[in-house]
Protein chains: 2
Amino acid sequence: MAESAADGPETDDGRPHLAAMTVPLGRALIAAELPVLRAHGLSMWAYAVLLALGEEPMRSQSTLAQAIGADKTRIIGVLDGLQDRGLIERRPDPRDRRVRLLLLTTEGRRLRDAARADIRRWEDRLLARLADDDREAFLRGLRTLSALSEQEIADPDRPS
Amino acid sequence: MAESAADGPETDDGRPHLAAMTVPLGRALIAAELPVLRAHGLSMWAYAVLLALGEEPMRSQSTLAQAIGADKTRIIGVLDGLQDRGLIERRPDPRDRRVRLLLLTTEGRRLRDAARADIRRWEDRLLARLADDDREAFLRGLRTLSALSEQEIADPDRPS
DNA sequence: CCGGATGATATGCATATGCTTATCATCTGT
DNA sequence: ACAGATGATAAGCATATGCATATCATCCGG
């Protein structure tokens with residue numbers, strides 16, 4: 001898929017395919033985020049975990065894995081690292097001792113907020129490249145499309 | 001990264017990170033395109049090659065690889081397959097026999113146009129999910145951001 | 001009480017990709 | 001004439017990921 005689609009392969013009316021623009025953009029956004037996260041001592045998956053944990057304990061590692069789009073067998077080590085650093089806490093659920101309850105610690109919340117603020121600052125500067133009117137509409141469009149399930153994307157005419 | 005970011009990890013104002021929306025969306029767009037391309041007997045890389053070849057012969061496989069964001073050692077087999085099927089033609093450049101000139105054949109152009117039309121139809125149905133005003137602005141925004149280099153994305157304040 | 005299922009964890013296979021090294025043919029500048 | 005560089009190609013290593021299988025502790029419905 002083209003690295004920069006705007007002057008790359010296009011369709012009839014000169015607009016590149018959606019995937020041809022979205023995939024390399026996603027890759028570049030990740031590449032830009034990584035050093036910011038690394039400055040906070042976080043991997044992408046570790047940050048995804050911290051972002052996913054809210055004010056209430058999250059019930060089960062399977063739920064967390066699903067929420068962040070990770071394989072549950074692969075987040076074991078990420079959770080181990082975060083727990084070892086005192087950024088999250090894992091507790092057995094007293095109602096079902098197979099299940100782990102996951103919570104942010106104060107330190108984890110502090111680190112998540114700091115990283116998130118830095119990412120947002122960079123995003124605001126990037127989005128400043130768009131015209132004011134376009135920016136809000138672009139974000140609405142992006143939210144709408146990214147909220148669709150894979151099925152809705154594959155077959156857009158079906159009602160949600 | 002969250003599969004669906006709209007109800008996933010968010011930033012302070014409730015908006016997910018750009019990457020958290022863009023990366024899974026890109027993945028879902030690819031997943032939706034694959035069966036369409038497969039119906040035309042094309043892989044994603046093969047289609048990217050056909051899209052990249054224009055009316056003029058493309059001079060050099062290195063240039064092509066760069067244009068589609070592929071490693072030049074990895075497109076050898078893709079080009080072999082397309083050539084074997086009579087979809088592209090490879091000719092030594094008479095000015096420099098190391099270099100290959102790459103052209104679409106009539107059959108290749110026909111197949112590219114058919115696949116592209118099908119992808120566009122699906123895209124139009126998907127984009128119909130957006131409000132009319134948002135759709136154009138979303139596409140403008142997406143084109144603007146995807147046209148930026150990795151450097152411009154990483155450091156958005158630098159002039160382009 | 002017990003069989004089946006589930007959550008967590010460990011291990012491993014297959015695939016895709018980024019990148020490197022090497023070879024051969026060819027070109028270019030000195 | 002020749003050294004160095006380049007385009008095309010082959011081969012291979014390292015990493016990441018998707019997915020599967022297996023084990024143990026635990027739970028639940030019959």
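All of these numbers come straight from a predicted model, not from anything done at the bench. Hydrogens, waters and symmetry mates play no part in the numbers below; they use all other heavy atoms, side chains included. Throughout, a chain's letter reflects where its sequence line sits, starting with A, and its residues are numbered from 1.
- Considering only heavy atoms from C-beta on, A:Arg125 comes within 4.5 Å of B:Asp155 through its side chain.
- Across all strands, A:Asp96 comes closer than 4.0 Å only to sugar-phosphate atoms, never to a base (heavy-atom distances).
- A straight line from CZ of A:Arg27 to C1' of C:dA16 spans 12 Å, rounded to a whole angstrom.
- Using a 4.5 Å heavy-atom threshold, the side chains of B:Leu145 and B:Thr22 count as separate.
- Within the structure, every side-chain polar atom (N or O) of B:Thr73 is placed at least 4.0 Å from both OP1 and OP2 of C:dC19.
- When atom types are taken as modelled, the side chain of B:Trp45 and the backbone of B:Leu79 share no donor-acceptor pair closer than 3.5 angstrom.
- B:Ile30 has its CD1 atom 17 Å from the P atom of D:dT17, to the nearest Å.
- Contact annotation: A:Trp45 reaches the phosphate of D:dT17 (side-chain N/O to OP1 or OP2, under 4.0 Å).
- The distance from atom CG of B:Asp71 to atom C1' of D:dA14 is 14 Å, rounded to the nearest whole Å.
- Residue B:Lys72 contributes atom NZ, which lies 17 Å from atom P of C:dT17 at whole-angstrom precision.
- Put simply, the side chain of A:Arg98 and the base of C:dT6 share a donor and an acceptor less than 3.5 Å apart.
- For the pairing with A:Met44, the side-chain contact (heavy atoms from CB on, under 4.5 Å) check across A:Val78, A:Leu34, A:Ile68 returns one residue only, A:Leu34.
- Between A:Ile76 atom CD1 and C:dG12 atom C1' the separation is 16 Å, expressed in whole Å.
- For B:Val99, taking side-chain heavy atoms from C-beta onward, the closest of the listed nucleotides C:dT20, C:dA8, D:dG7 is D:dG7.
- In this structure, A:Gln61 places its CD atom 10 Å from P of C:dA10, rounding to the nearest Å.
- Rounded to whole Å, atom P of C:dT9 lies 7 Å from atom CG of A:Leu79.
- Ion pairing between a basic and an acidic side chain is recognised when a charged N comes within 4.0 Å of a carboxylate O; B:Asp124 and B:Arg135 show no such pairing.
- Across all strands, B:Arg90 comes closer than 4.0 Å only to sugar-phosphate atoms, never to a base (heavy-atom distances).
- Atom CZ in A:Arg59 sits about 14 Å away from atom P in C:dT6, given to the nearest Å.
- Nearest nucleotide to the A:Arg74 side chain, out of D:dG18, C:dG7, C:dG18: D:dG18.
- The base of C:dG7 does not come close enough to the side chain of A:Arg97 for any donor and acceptor atom to sit less than 3.5 Å apart.
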